[in-house]
Every structure is written in structure tokens, then in C-alpha cells.
**Q** 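Sharing a structure here in C-alpha cells format.
A note on names: the letters A, B, ... follow the listed sequences, proteins ahead of strands, and every chain is numbered from 1. The basis for the numbers below is simple: all heavy atoms, side chains too, and nothing from hydrogens, waters or symmetry mates.
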Protein chains: 2
Amino acid sequence: MERQKGVALWRQIADRIRASITQGDYDATGMVPAETQLAAAFGVNRHTVRSALAALAQEGIVRAAQGRGTMIVRRDKFTFPIARRTRFTEGIGAQARDLEGLLLSSGREPASEDVARRLKLAIGEPVIRLDALRKADGRPLSRTTTWFPAERFHGIDVAFRRRGSITCALEDLGVADYLREVTEISAIHAEPDDVADLALTPGAIVLVTRALNTDMDGIPMQYAVTRFPADRVEFTITN
Amino acid sequence: MERQKGVALWRQIADRIRASITQGDYDATGMVPAETQLAAAFGVNRHTVRSALAALAQEGIVRAAQGRGTMIVRRDKFTFPIARRTRFTEGIGAQARDLEGLLLSSGREPASEDVARRLKLAIGEPVIRLDALRKADGRPLSRTTTWFPAERFHGIDVAFRRRGSITCALEDLGVADYLREVTEISAIHAEPDDVADLALTPGAIVLVTRALNTDMDGIPMQYAVTRFPADRVEFTITN
DNA sequence: CAACATTTGTGCGTATGTATT
DNA sequence: GAATACATACGCACAAATGTT
């Protein structure tokens with residue numbers, strides 16, 4: 001391996017491996033050669049190859065598995081539409097064969113500063129919190145924490161557990177329709193909880209949405225913070 | 001350092017340093033202690049500390065500088081509104097003291113498959129491409145590549161260079177108003193170009209928007225792919 | 001200006017642990 | 001169980017950047 005001036009060896013190697021992957025050199029096996037082989041091929045120490053592979057893993061291009069090797073990752077994304085009538089289940093609907101919504105936990109709690117501000121409640125007023133995980137074709141697709149004013153939406157947790165969908169649960173509570181008022185989107189690195197819940201690798205990207213839904217009269221109804229694995233989801237806003 | 005079963009040492013150390021940072025232990029200097037000091041404090045090898053710091057750097061919490069140390073990063077985000085009338089300059093407007101738009105390069109070229117589809121042109125029809133960098137208060141805020149149908153928008157490159165804003169440039173070409181038809185949002189790890197253009201570190205997150213603007217008659221006018229540093233920007237969609 | 005100490009960056013060698021085949 | 005392959009951790013050495021003397 002020739003040393004380019006000023007560019008670390010492991011970076012050069014990462015670039016070359018990335019190029020080989022996109023060029024399809026490893027398509028036969030779908031795997032990158034073993035670290036020892038790469039080290040020999042490039043004439044560097046195995047640690048140097050590991051630095052390169054770590055960078056690629058962090059980019060989500062490859063995924064190393066202890067004892068098996070380093071696999072090349074290829075997956076396409078779900079498109080999640082964001083509009084005035086945003087519905088999770090309908091939105092993803094046709095893109096997956098199988099959708100499920102799991103209620104992880106729920107509870108009644110006093111509204112935090114953030115939740116109170118969004119739902120236009122006083123701080124400390126009771127809200128119902130739902131923690132839900134949504135899966136598409138068996139793979140985690142989102143992790144939502146959502147809050148409802150407690151008095152108006154008593155029983156929403158039971159309804160959600162039964163129906164597996166917020167929209168359906170709200171129907172059961174007599175809410176025929178609702179609107180998405182505002183959505184905030186940001187992106188961060190996966191935190192330990194995300195790694196666990198969304199089956200991500202540390203360093204993966206999580207898209208975070210903060211959404212406020214109102215009833216047809218414009219009264220705040222639901223505030224939801226949802227975390228999506230960025231390698232499996234993208235958003236579409238149609239105006 | 002006690003070894004927890006099944007959790008790598010460097011992860012435990014990363015968690016402890018992160019906790020110390022959020023707790024404000026290092027606020028006096030705004031820096032993390034030197035690697036050798038941390039290694040001694042935790043009773044581990046310097047490489048182990050480096051793994052931990054690398055993870056934190058990758059999360060954007062710290063930033064290491066050769067010869068100086070590892071600084072704690074603290075910054076807040078610009079909010080970029082996405083709506084039917086989305087205008088970059090107006091959108092960021094009040095949030096920055098100083099906004100500038102730089103034309104990096106421009107040219108006339110045949111429409112690629114992607115560009116042609118979005119602009120509803122035939123593949124190969126001439127389009128004008130603009131590469132622009134936007135800065136807020138001297139810091140790169142976005143990197144846009146945008147395409148216009150060549151015949152209708154002849155001279156847009158000159159106009160943009162003069163005005164530093166797409167909206168103003170379009171005004172000069174007689175386009176008083178336009179609408180955002182659709183916006184796609186995804187998030188990826190920074191690529192080498194992003195690192196250079198947006199002054200990011202490798203491993204940072206880039207928010208990518210793909211937007212189609214039409215004129216008031218709904219005719220596709222501009223297709224833009226914009227890359228934002230995720231640590232400096234978030235999006236708001238108001239329905 | 002030069003010399004020096006400090007601090008992070010890179011790379012190699014070695015050893016051991018752990019998961020998979 | 002044995003072989004293979006990735007994961008973690010330590011130790012050493014030197015390079016490169018920075019700040020100080």
C-alpha cells in the first residue's frame with residue numbers, strides 16, 4: 001500500500017474497499033474478505049484494516065458479525081409521507097407485507113414542560129403516555145413515545161393494545177378524524193435505547209420526528225416523538 | 001475499572017465521559033481531560049480511552065484537535081421551515097446575523113434520468129446546473145445542487161451569482177412566485193465531499209432534501225438536492 | 001526564532017475473549 | 001471439539017499539530 005501524503009492509511013483502505021463494494025467485486029459472496037486477507041492484500045496490519053472496516057460499518061455499508069465475517073449491507077427504504085392527514089399505518093401500508101404495532105409500556109403521568117407546551121396544558125396536568133414499537137415485515141421501523149391529555153383520552157392505552165394502531169384506537173374513543181398540525185424533523189446518532197429497540201448498530205443514524213396532532217377543531221390531542229432508523233426510512237412532504 | 005459482563009470497556013468509559021460532560025464536570029475548561037489522564041484515571045490503556053472518545057466524537061459531543069486536546073462541542077440548531085412557499089433565505093432569515101450564498105460552479109448539461117423525471121423533461125434535454133453553498137454567520141449551512149430547464153431559465157447562473165439567492169435570481173428572470181411541490185428528506189453519513197464543503201467530521205450526519213419547485217401553473221421549474229449538516233439544522237413542516 | 005513539552009493521530013505487535021461454522 | 005473470524009484490550013513507537021519557554 002502506497003502511502004498518500006497526508007491521508008491516513010486506514011482512510012485510503014476504506015476508500016478502496018468502498019470502491020470495490022460499489023464496483024461489485026464482492027457480489028459473489030455478498031461479503032468482504034476476512035480482515036486477515038485484506039490486511040495481507042493491502043500489506044498492512046489487521047488493525048489498520050479494522051479501522052477502515054469500522055468506518056464503513058459506521059456508514060452502514062457493511063456489517064461485521066463475529067465469527068462469520070463482514071457482510072455487505074443493501075436495503076431500500078420505506079417512504080413515510082408527512083401531510084395534514086398523516087397516518088402511520090396507511091402511510092407505510094402498501095410498502096410492507098406485514099405491519100404490527102406493539103405497546104411496550106404505558107402510564108399516566110404529569111405533563112413535563114415540553115409535553116405541556118405542545119398540548120397546551122399546564123405543567124403537571126395528567127397525560128397518558130404510550131411507548132410503542134412498530135415493525136414492518138418483522139423489522140423495527142419506528143419507536144414512538146406519545147402523550148394524550150388524560151381526561152379526554154382515558155382508555156387509549158387499552159384501545160391501542162387491542163388495535164395496534166393509534167388511528168384505530170382513537171376511533172374506538174370516538175375520534176373519527178384528526179390532523180397533523182406540525183412536524184419537526186431532526187437527525188442524531190443512535191442512542192443506547194435506539195440500538196436496542198430499533199436493532200441498530202451504535203453510530204447508526206436515527207431520524208427523530210416530533211409531531212402534534214389536533215382534532216378537527218384545532219385542539220391539541222396528541223404529541224408524539226418518533227424515532228426511525230435512517231437507513232430504513234425517508235420522509236416525503238407533499239404540499 | 002470494573003468489567004461489566006458483556007459490555008465492552010470502551011463503551012462503559014464512553015458512557016461515563018458522556019455523563020460527566022452532560023453533568024458539567026468539564027465546564028471549567030470546556031475540554032475533556034487529556035487521553036493519558038483519562039487512561040490513568042480509569043486505569044485502562046490509552047487506546048481504550050481513544051475508542052470511547054472516538055464514539056463520542058462520532059456522536060458530535062466532542063471534537064478532538066491534534067496538539068490541543070478534545071473539546072466539548074456545544075451548539076444549537078437552525079430551524080428550516082418546509083411549506084408550500086419554502087424560501088431558503090427567508091426561512092433561515094431571522095435566525096442568523098449574516099447569510100451568504102456562494103455559487104461554487106454552474107454549467108449547462110443534458111438532464112440525467114433522475115433530473116429529467118423530476119422536471120418532466122426528456123432524458124438528455126438541456127438543463128442548467130447550479131452548485132451553491134450557503135453560509136450562516138460564516139458557517140456552512142447547506143450545499144445545494146439544483147437544476148433548471150435550460151431554455152426557460154437561461155442566465156439563472158449569472159443572476160444567482162449576482163444576487164446570492166435563488167428567489168432573487170428568479171425574480172430577475174421574471175418569476176415572481178413559485179411553489180414547493182414535494183420534499184423528500186433522508187439522512188446519511190457525511191461523504192468526503194460533505195466533509196469538505198460543510199466543514200464536517202467524517203461520520204457526521206447529513207440531512208438530504210430533494211425538492212421540486214413549480215411555477216404557479218404547476219409546471220416543474222427547479223429540482224434541488226440540498227445537503228445540511230444535521231447538527232446545525234432541523235426541519236419544521238407546518239400543515 | 002528555536003527548542004521543548006504536551007496532546008492527539010497513526011500503525012504495528014501481541015494476547016485473549018467470544019461467536020460462528 | 002477444532003478451526004475460523006471478529007471483538008476487545010494492552011503496550012510500544014513515532015508522527016503531526018499546538019502552545020510555551
Side-chain angles (χ1 to χ4, degrees), chain A residues 1-17 21 26 29-58 60-73 192 195 199-204, chain B residues 1-17 21 26 28-58 60-73 195 201-204:
Chain A
M1 192 79 192
E2 283 280 318
R3 291 199 189 200
Q4 287 179 32
K5 193 178 157 195
V7 179
L9 247 187
W10 65 266
R11 271 188 209 288
Q12 301 174 44
I13 290 174
D15 290 343
R16 288 181 55 175
I17 296 174
I21 289 173
Y26 309 136
T29 57
M31 310 222 4
V32 171
E35 292 172 354
T36 49
Q37 290 179 40
L38 288 170
F42 290 122
V44 300
N45 188 275
R46 194 181 137 231
H47 278 312
T48 309
V49 168
R50 279 183 61 76
S51 296
L53 289 177
L56 297 180
Q58 202 257 37
I61 293 176
V62 302
R63 183 185 181 106
Q66 202 168 147
R68 281 198 300 168
T70 302
M71 286 149 291
I72 296 166
V73 177
V195 171
L200 295 175
T201 52
Chain B
M1 191 80 191
E2 283 282 316
R3 289 200 188 200
Q4 285 178 32
K5 191 179 157 194
V7 179
L9 248 186
W10 65 265
R11 272 188 210 288
Q12 301 175 44
I13 289 174
D15 290 343
R16 288 181 55 173
I17 296 174
I21 290 173
Y26 309 136
T29 57
M31 303 201 47
V32 171
E35 293 171 356
T36 48
Q37 290 180 41
L38 288 170
F42 290 121
V44 300
N45 189 274
R46 190 180 142 230
H47 278 310
T48 309
V49 169
R50 279 182 61 75
S51 295
L53 288 176
L56 297 180
Q58 203 259 40
I61 292 174
V62 302
R63 184 187 181 104
Q66 199 169 152
R68 280 201 300 169
T70 303
M71 286 147 290
I72 296 166
V73 176
V195 172
T201 52

**Q** Could you tell me the separation between the OG1 atom of Thr29(B) and the CE atom of Met71(B), rounded to the nearest 0.5 Å?
**A**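 Here the rounded value is 11.0 Å.
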
**Q** Of all the choices, dT8(D), dA5(D), dC10(D), which nucleotide is nearest to the side chain of Gln37(A) once you look at every atom?
**A**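 Closest nucleotide among those given: dA5(D).
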
**Q** Can you tell me how far OH of Tyr26(A) sits from CD1 of Ile17(A), rounded to the nearest 0.5 angstrom?
**A**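 Nearest 0.5 Å value for the CD1-OH distance: 6.0 Å.
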
**Q** Just how far is it from atom CH2 of Trp10(A) to atom CG of Asn45(A), taken to the nearest 0.5 Å?
**A**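 CG of Asn45(A) is found 15.5 Å from CH2 of Trp10(A).
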
**Q** Atom CD1 in Ile61(B), atom OG1 in Thr70(B): separation rounded to 0.5 Å?
**A** 13.0 Å

**Q** Between Leu38(B) (CG) and dT7(C) (C1'), how many Å, whole number?
**A** 12 Å

**Q** Please name all residues satisfying side-chain hydrogen bond (donor to acceptor under 3.5 Å, both in side chains) with Arg68(B), sequence neighbours left out, ordered by chain then number.
**A**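 With sequence neighbours excluded, Arg68(B) shows a side-chain hydrogen bond (donor to acceptor under 3.5 Å, both in side chains) to no residue whatsoever.
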
**Q** Whole angstrom is fine here: how far is it from CH2 in Trp10(A) over to P in dC12(C)?
**A**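 So the two atoms are 14 Å apart, to the nearest Å.
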
**Q** How many whole angstroms separate atom CZ of Arg50(A) from atom P of dT14(C)?
**A** 17 Å

**Q** How many Å lie between CG on Leu9(B) and P on dT8(D), as a whole number?
**A** 10 Å

**Q** For the pair made of CG in Leu56(A) and C1' in dC6(D), what is the distance, rounded to whole Å?
**A** 15 Å

**Q** Quick one: what's the B/S/- string for nucleotides 12-21 of chain D, heavy-atom cutoff under 4.0 Å, read 5' to 3'?
**A** B---BBBS--

**Q** When you measure from the side-chain N and O atoms of Ser51(A) to the phosphate of dG11(C), is any distance below 4.0 Å, counting only OP1 and OP2?
**A** no

**Q** Check the distance between dA5(D)'s C1' and Leu53(A)'s CG and give it to me in whole angstrom.
**A**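 Those two atoms, CG and C1', are 12 Å apart.
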
**Q** Can you tell me how far CD1 of Ile21(B) sits from CD1 of Ile72(B), rounded to the nearest 0.5 angstrom?
**A** 4.5 Å

**Q** Take the protein atom CZ of Phe42(B) and the nucleotide atom C1' of dA9(D), then report the distance between them rounded to whole Å.
**A** 16 Å

**Q** For the side chain of Val44(A), starting at C-beta, report the closest nucleotide among dT8(C), dA9(D), dC12(C).
**A** dC12(C)

**Q** OP1 or OP2 of dA5(D) versus the side-chain N and O atoms of Thr70(A): is any pair under 4.0 Å?
**A** no

**Q** Nearest 0.5 Å, what's the CZ-CD distance between Arg16(A) and Gln12(A)?
**A** 8.5 Å

